[in-house]
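Inspection log for the structure reproduced underneath, given as structure tokens.
For the numbers below, each heavy atom of this structure counts, side chains included, while hydrogens, waters and symmetry mates do not.
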Amino acid sequence: HTSRIAKFSNYAAESQQIWLQAPSLEQHIEDYRSIMTNERANTWSKTKEEFKTYIAKYVPAPERPWSVLYAVALEPDPAPESSTKLESPNQPIVIGVIGTPREAEIGYSIVPAYEGKGHMTAALRLFIPLFWENECNRQNNELLAAVEPSNIGSRRVLEKVDFEQGGLKREFFRKEIEEGRMAADMLFFYSRRPGY
């Protein structure tokens with residue numbers, strides 16, 4: 001993998017077009033902020049420092065060893081044949097985030113412009129085996145995902161990676177919006193450990 005661009009030399013998994021890279025707040029803070037503060041996401045942070053404080057809660061720590069966060073990066077287009085060695089190679093595009101914000105619960109977000117192209121489905125297919133292989137998850141036999149019922153795209157993504165629909169909980173989640181917080185219904189999906 002010596003041809004990989006240095007920025008993404010530390011990746012946890014890859015497919016033909018998608019990479020998952022372990023978090024670096026300094027390296028990816030602006031990428032994460034742009035992804036998770038769009039109007040479709042559940043997070044609104046007005047300053048870089050506020051967002052650093054928020055995102056730090058979702059990286060591994062002794063008190064939450066199960067907490068994992070990855071940047072979802074899109075393979076850059078090959079450099080044109082006419083380019084010279086002095087030109088910088090095309091940079092990978094961070095298009096989303098994926099991880100376990102709570103124990104045995106998966107969460108993800110993607111830039112709206114990249115929705116509907118199969119990228120998050122590919123990222124989930126990379127992430128789920130990593131979850132089951134993680135020593136911290138040995139005691140868990142189910143992986144949970146929760147989506148708002150109106151988010152048809154996210155529901156379809158989960159179904160494509162063999163999550164099963166569970167129950168609906170009314171006003172389960174206090175969703176952050178620009179004006180404050182509002183109660184939101186959540187629809188739950190479950191994936192079982194292979195062989196369980």
Begin from the C-alpha positions of Val111 and Ile93 and carry the test side chain to side chain contact (heavy atoms under 4.5 Å, CB included) through to its verdict.
-> CA-CA 11 Å; Val111 174; Ile93 304 167; over 6 Å; no
Mind checking side-chain contact (heavy atoms from CB on, under 4.5 Å) for Lys117 and listing every partner two or more places apart, or none if nothing turns up?
-> His119
Results of side-chain contact (heavy atoms from CB on, under 4.5 Å) for Gln139 - residues two or more places apart only | Glu103
Short question: side chain of Arg125, backbone of Val161 - any donor-acceptor pair under 3.5 Å?
-> no
Got a donor-acceptor contact below 3.5 angstrom from the Thr100 side chain to the Trp66 backbone?
-> yes
Inter-residue atom distance [X].[atom1] - [Y].[atom2], 0.5 Å rounding:
X: Leu20; Y: Ser15; atom1: CG; atom2: OG; value: 8.0 Å
X: Leu187; Y: Glu148; atom1: CG; atom2: CD; value: 10.5 Å
X: Ile98; Y: Ile110; atom1: CD1; atom2: CD1; value: 9.5 Å
X: Ile128; Y: Phe163; atom1: CD1; atom2: CZ; value: 4.5 Å
X: Phe188; Y: Glu105; atom1: CZ; atom2: CD; value: 6.5 Å
X: Asn141; Y: Tyr196; atom1: CG; atom2: OH; value: 4.5 Å

Under a 4.5 Å cut-off applied to non-hydrogen side-chain atoms, are [X] and [Y] in contact?
X: Leu144; Y: Tyr190; answer: yes
X: Val94; Y: Val72; answer: no
X: Trp19; Y: Leu126; answer: no
X: Glu142; Y: Arg193; answer: no

Under the side chain to side chain donor-acceptor pair (under 3.5 Å) rule, what pairs show up with a residue in residues 154-163, not counting sequence neighbours?
-> Tyr108-Ser154
Considering all heavy atoms of both residues, which atom of [X] and which atom of [Y] are nearest to each other, and what is their separation?
X: Gly107; Y: Pro101; answer: N-CD, 3.6 Å
X: Ala104; Y: Phe131; answer: CA-CZ, 3.8 Å
X: Ala12; Y: Leu130; answer: CB-CD1, 3.9 Å
X: Leu168; Y: Pro149; answer: CD1-CG, 3.6 Å

Is the number of heavy atoms from other residues, nucleotides or ligands within 6.0 Å of OH (Tyr114) greater than 12?
-> no
How about Arg170: does its CZ atom have over 12 heavy atoms from other parts shown lying under 6.0 Å from it?
-> no
Audit row: Ile18, Ile95, side chain to side chain contact (heavy atoms under 4.5 Å, CB included) steps and yes/no | CA-CA 10 Å; Ile18 295 293; Ile95 62 169; 4.2 Å; yes
